[in-house]
Engineer: 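Would you mind keeping the following structure in view while I ask a few things?
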Amino acid sequence: MTTHATRVRTSAADALAEKIDRRTARMGVIGLGYVGLPLALTFVEAGFPAVGFEVNHERLDQLANGESYISDVASEDLRAAMATGGFQASGNFDLLGEMDCILICVPTPLSKSKEPDISAIVAAGREIAARLSPGQLVVLESTTYPGTTEEVLQPMFEAGGLRVGEDVFLAFSPERVDPGNPNYVTRTIPKVVGGITPTCTRMTAQLYRAAIEQVYVVSSARVAETTKLLENTFRSVNIGLGNEMAILCRHLGIDVWEVIDAAATKPFGFMAHYPGPGIGGHCIPLDPYYLSWKARLNGYEAKLIGLASEINASMPRHVMQIIQDVLNDCGKCVRNARILLLGVAYKPNVSDTRESPALEILEMLHQKGAHVEYSDPFVPSLDVGTLFLRSVYLSPELLQAMDCVVIITNHKAFNYGEIVTHASLVVDTRNATRGVAGGQARVIYL
Ligand SMILES: NC(=O)c1ccc[n+]([C@@H]2O[C@H](COP(=O)([O-])OP(=O)(O)OC[C@H]3O[C@@H](n4cnc5c(N)ncnc54)[C@H](O)[C@@H]3O)[C@@H](O)[C@H]2O)c1
């Protein structure tokens, strides 16, 4: 027999399904950063009205002026979305009560002791819980440890008497955006979806199918959470192997880059991962710790994952050692040497310096008494500890004046021919100058 309560619950899900179908479901996106802003605009593009919720007032002011601070989002596109009334950014969390679907895209950093800091998820969850009403769907997109959606958000949402899967819907769907990658955007990156209950999964999959080309459904939120951590831990472990190969090959006097390029000719069973000065950004250096922390709580110490993170974290010191050694070979020392870092972003063609190895290398060089400067077309200024630096213009005269030029980020915008022509000593941590014509520079590869 169908009870009145069941009929009400069924109609809450049905009503939401219909709103999604008709593109009248109001989207709320909490956290308008690298993930949230493009995501909100993807739903606007698909025909949904969206409100972005942000706590950073500087960002809200910029958005109100139609200015995008995310390089993958053109200000014209932002202004177009705002002009039609399809998108607005707000600091007023009361509007959450008016949303049909809410996507959480807040940061998930590590604490000083390298433990997950999910305080922003908790803060966003509280804002939602205070205004939650039947028929609303909430999806967590922030990368986090397995169990967060079920153990942290579900109890918050049920504390007021609502039942997840019956009255409200809750799921996890990892964000996979790759800032600076022109080949994939939010709409074209397949979306993994796992709900707390089958109804939650169904509602979430329906929502994403309306805006994203491909949706892949998994059996639970925990599986979806762990999928994201596997993807980024895979990167960390393989980059760690690339980095260890670089250190090992240096000891053996073998060119690691040539080895990797040769191995990459194998058409199966090998995927090239390259060494570098260290890993950066908000994902690869952090996410493996989310996974190993949760494993430790459950009695398992992840060994390979921790070791890879350790090797990756040691790379700035390895680069520092190379700089010291090559200066020494030239009869110079780091103290008072003029050293130019090329690129301080953590990866090419973006402005993001979060966790960038350049920051640690810069600080070490400064502490050892070098006169350090940097040039990065994407990063006009940089605050590192006690140092505040502005990007310098890369000219032949500047390159000539340097005792050592260190390539940290292989931005496309750099003229590598000019660099090897005018610099006398180059430490190339990215293999960026390989095969570049011209040049008097002595180039040392990682
Ligand atoms: N950046 C990436 O390439 C990437 C890729 C995939 C997944 N992720 C994951 O997505 C999440 C977000 O990352 P991001 O790079 O967009 O971070 P971000 O720092 O660029 O943006 C997060 C935004 O959330 C805002 N915020 C913080 N607390 C808030 C709150 N309580 N309410 C509303 N807004 C709040 C911040 O002010 C900021 O603008 C993280 O979990 C990250 O690991 C990031």
Side-chain angles (χ1 to χ4, degrees), residues 28-42 50-64 67-73 89-96 99 102-110 116-131 138-146 148-149 152-153 156 172-181 184-186 189-192 212 224-225 227-236 279-291 345-356:
V29 176
I30 306 185
L32 296 175
Y34 287 91
V35 166
L37 189 57
L39 184 67
L41 296 185
T42 301
V51 178
F53 296 87
E54 183 45 72
V55 288
N56 180 327
H57 287 280
E58 214 174 293
R59 288 193 156 183
L60 281 174
D61 288 345
Q62 279 178 279
L63 292 172
E67 286 165 29
S68 169
Y69 40 77
I70 301 292
S71 48
D72 287 342
V73 174
S90 176
N92 176 9
F93 285 79
D94 281 336
L95 294 176
L96 280 172
M99 301 296 117
I102 300 168
L103 312 179
I104 305 175
C105 307
V106 296
T108 43
L110 292 172
D117 171 1
I118 61 158
S119 53
I121 294 180
V122 172
R126 285 199 183 118
E127 298 283 8
I128 297 168
R131 301 159 177 98
V138 181
V139 186
L140 178 59
E141 291 227 2
S142 302
T143 308
T144 183
Y145 60 80
T148 309
T149 312
V152 178
L153 291 182
M156 273 186 198
F172 184 84
S173 179
E175 180 55 56
R176 293 162 142 177
V177 71
D178 184 18
N181 184 337
Y184 293 97
V185 293
T186 305
I189 301 171
K191 204 88 177 81
V192 172
I212 287 167
E225 287 160 341
T227 302
K228 173 68 188 179
L229 294 178
L230 169 63
E231 290 166 11
N232 282 359
T233 304
F234 173 88
R235 299 262 303 140
S236 171
I279 50 175
H282 185 35
C283 297
I284 314 293
L286 282 62
D287 299 352
Y289 287 97
Y290 271 73
L291 187 54
Y346 83 93
K347 70 173 184 175
N349 316 319
V350 300
S351 60
D352 195 349
T353 58
R354 291 178 297 177
E355 315 287 330
S356 172

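For ligands, and for the atoms within them, numbers begin at 1 and follow the listed sequence. Every value quoted in this text rests on a predicted model; they were computed, and no experiment measured them.
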Engineer: Does ligand 1 have an atom under 4.0 Å from some heavy atom of E127?
Structural biologist: no
Engineer: Which residue and atom name correspond to the protein heavy atom nearest atom 24 (O) of ligand 1, and how close is it?
Structural biologist: G31 CA, 3.2 Å
Engineer: Quick one: nearest non-hydrogen protein atom to atom 42 (C) of ligand 1, plus distance?
Structural biologist: H282 CD2, 3.3 Å
Engineer: My understanding is that we take every heavy atom of each candidate and find the minimum distance to atom 11 (C) of ligand 1. Doing that for T108, V29, V106, which one comes out nearest?
Structural biologist: V106
Engineer: Enumerate the atoms of ligand 1 whose separation from the nearest heavy atom of N56 is less than 4.0 angstrom.
Structural biologist: 37 (O)
Engineer: Under 3.5 Å, is there a donor-acceptor pair linking the side chains of E225 and T149?
Structural biologist: yes
Engineer: For atom 21 (O) of ligand 1, find the nearest protein heavy atom and state the residue, atom name and distance (0.1 Å precision).
Structural biologist: G33 CA, 3.1 Å
Engineer: Considering only non-hydrogen protein atoms, determine which one is nearest to atom 9 (C) of ligand 1 and report residue, atom name and distance to 0.1 Å.
Structural biologist: T143 OG1, 3.5 Å
Engineer: Would one find more than 12 heavy atoms of other residues, nucleotides or ligands at under 6.0 Å from atom CZ of R354?
Structural biologist: yes
Engineer: Do you see a donor-acceptor pair shorter than 3.5 Å between the side chains of S119 and D117?
Structural biologist: yes
Engineer: How does R354 reach ligand 1, if at all, at less than 4.0 Å between non-hydrogen atoms: by side chain, backbone, both, or neither?
Structural biologist: side chain
Engineer: Would you say ligand 1 has an N or O under 3.5 Å from any N or O of Y34?
Structural biologist: yes
Engineer: Write down the atom of V35, the atom of V177, and the distance for their closest heavy-atom approach.
Structural biologist: CG2-CG1, 3.8 Å
Engineer: Counting each atom of ligand 1 from 1 as listed, which ones have a heavy atom of F53 under 4.0 Å away?
Structural biologist: 33 (C), 34 (N)
Engineer: I need the contact type for P179 against ligand 1. Using non-hydrogen atoms and a strict under-4.0 Å cut-off, is it side chain, backbone, both or neither?
Structural biologist: side chain
Engineer: For ligand 1, which atoms have a heavy atom of V55 less than 4.0 angstrom away?
Structural biologist: 26 (N), 27 (C), 28 (N), 29 (C), 30 (C), 32 (N), 33 (C), 34 (N), 35 (C), 37 (O)
Engineer: Out of curiosity, K228 NZ to F172 CZ, how far, rounded to the nearest 0.5 Å?
Structural biologist: 8.5 Å
Engineer: Identify, for atom 7 (C) of ligand 1, the protein heavy atom at the shortest distance, and state residue, atom and that distance.
Structural biologist: E175 O, 3.4 Å
Engineer: I need the nearest protein heavy-atom contact for atom 4 (C) of ligand 1: residue, atom name and distance, please.
Structural biologist: C283 SG, 3.4 Å
Engineer: Run the numbers for me: atoms of ligand 1, each under 4.0 Å from some heavy atom of K228, listed by number.
Structural biologist: 6 (C), 7 (C)
Engineer: Can you pull out the closest protein heavy atom to atom 36 (C) of ligand 1? Residue, atom name and distance to 0.1 Å, please.
Structural biologist: E54 OE2, 3.3 Å
Engineer: Please state whether E141 comes within less than 4.0 angstrom of ligand 1, counting heavy atoms only.
Structural biologist: no
Engineer: Using a 3.5 Å cut-off on N or O atoms only, is A123 in polar contact with ligand 1?
Structural biologist: no
Engineer: Identify the protein heavy atom lying closest to atom 33 (C) of ligand 1, giving its residue, its atom name and the separation to 0.1 Å.
Structural biologist: I30 CG2, 3.4 Å
Engineer: How close do T353 and A345 get, heavy atom to heavy atom, and via which atoms?
Structural biologist: CG2-CA, 4.1 Å
Engineer: Pull out every atom of ligand 1 sitting under 4.0 Å from any heavy atom of F93, numbered as shown with elements.
Structural biologist: 32 (N), 33 (C)
Engineer: Determine the minimum heavy-atom distance between S90 and V51, stating which atoms define it.
Structural biologist: CB-CG1, 4.1 Å
Engineer: Where is the tightest heavy-atom contact between L63 and A89, given as atom of each residue plus distance?
Structural biologist: CD1-CB, 3.7 Å
Engineer: Do NZ/NE/NH1/NH2 and the carboxylate oxygens of D94 and R131 come within less than 4.0 Å?
Structural biologist: yes
Engineer: Charged N to carboxylate O below 4.0 Å: is that the case for K191 and E141?
Structural biologist: yes
Engineer: Would you say I121 and L153 make side-chain contact, with heavy atoms under 4.5 Å?
Structural biologist: yes
Engineer: Less than 4.5 Å apart, side chain to side chain, heavy atoms only: is that true for T108 and Y145?
Structural biologist: no
Engineer: Ignoring hydrogens, just give me the one of I284, V177, L37 whose non-hydrogen atom is nearest atom 5 (C) of ligand 1.
Structural biologist: V177
Engineer: Determine, stepwise, if the pair L229 / F234 fulfils side-chain contact (heavy atoms from CB on, under 4.5 Å).
Structural biologist: CA-CA 8 Å; L229 294 178; F234 173 88; over 6 Å; no
